[in-house]
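Single-structure report; data block below.
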Amino acid sequence: MPDSGSGKTGPALWGRPPSLASSAAAVAGYVVEFAFGGLGLIPDQADAKIPEEGITWNCTTWLNIAFLPLAASLLVRFLRAGGPATLRIMGGSPYRAEHEHGGDRMYNGHHH
């Protein structure tokens, strides 16, 4: 989690100016945009074709339908095996744990 040096993390930092990581992400986005533009890898909007056929039944549709029973069976197995209770036992936010343990800022056995 980003740390301003003040010991505040997460929601406490939301009102602060952008961090180095978000600034680096923005710069990287511009670098990629200019590189792709310079190499001619961005298609012209005039060449864009908008499909007029609407929703179609294609291979992806049939695969989605075929895998619905698998997803349903995995959900049923999760519920029957006590998954929600396990999640409640494991649950909790790292922020809540930090405050419950005196804010010692120790994660995974390492001090930050």
Side-chain angles (χ1 to χ4, degrees):
M1 189 55 52
D3 190 357
S4 66
S6 65
K8 296 179 181 178
T9 59
L13 288 179
W14 289 350
R16 296 188 184 263
S19 67
L20 179 61
S22 59
S23 299
V27 169
Y30 280 115
V31 167
V32 169
E33 180 181 355
F34 291 129
F36 277 43
L39 295 171
L41 297 175
I42 300 174
D44 188 13
Q45 288 184 351
D47 295 335
K49 293 180 177 60
I50 301 172
E52 296 181 19
E53 58 204 31
I55 298 174
T56 60
W57 289 74
N58 56 24
C59 180
T60 304
T61 308
W62 294 112
L63 285 171
N64 287 339
I65 292 170
F67 279 96
L68 277 175
L70 174 65
S73 66
L74 290 173
L75 179 63
V76 167
R77 183 176 188 272
F78 171 76
L79 295 173
R80 287 185 181 168
T86 304
L87 289 179
R88 278 192 293 277
I89 291 170
M90 293 173 20
S93 155
Y95 305 119
R96 194 172 70 208
E98 178 181 327
H99 295 294
E100 289 173 359
H101 297 291
D104 59 1
R105 297 181 58 210
M106 187 166 173
Y107 298 99
N108 297 328
H110 298 92
H111 287 281
H112 292 273

Is it possible for you to say whether Val32 and Ile42 belong to one hydrophobic cluster, with membership spreading through side-chain heavy-atom contacts below 4.5 Å?
yes
Do Phe34 and Leu41 sit in the same hydrophobic cluster, where Ile, Leu, Val, Met, Phe, Trp and Tyr count as joined when their side-chain heavy atoms come under 4.5 Å apart?
no
Taking the side chain as C-beta and beyond, is there a heavy-atom pair between Leu70 and Ser73 under 4.5 Å?
yes
Rounding to 0.5 Å, atoms CG (Leu87) and CZ (Phe78) come to a distance of 4.0 Å
Shortest non-hydrogen contact from Pro84 to Leu79?
CG-CD2, 3.8 Å
What closest approach, in Å, do Thr61 and Thr56 show between heavy atoms, and which atom pair accounts for it?
OG1-O, 3.4 Å
Would you kindly confirm whether Leu74 and Leu63 end up in one hydrophobic cluster when ILVMFWY residues are joined by side chain heavy atoms under 4.5 Å apart?
yes
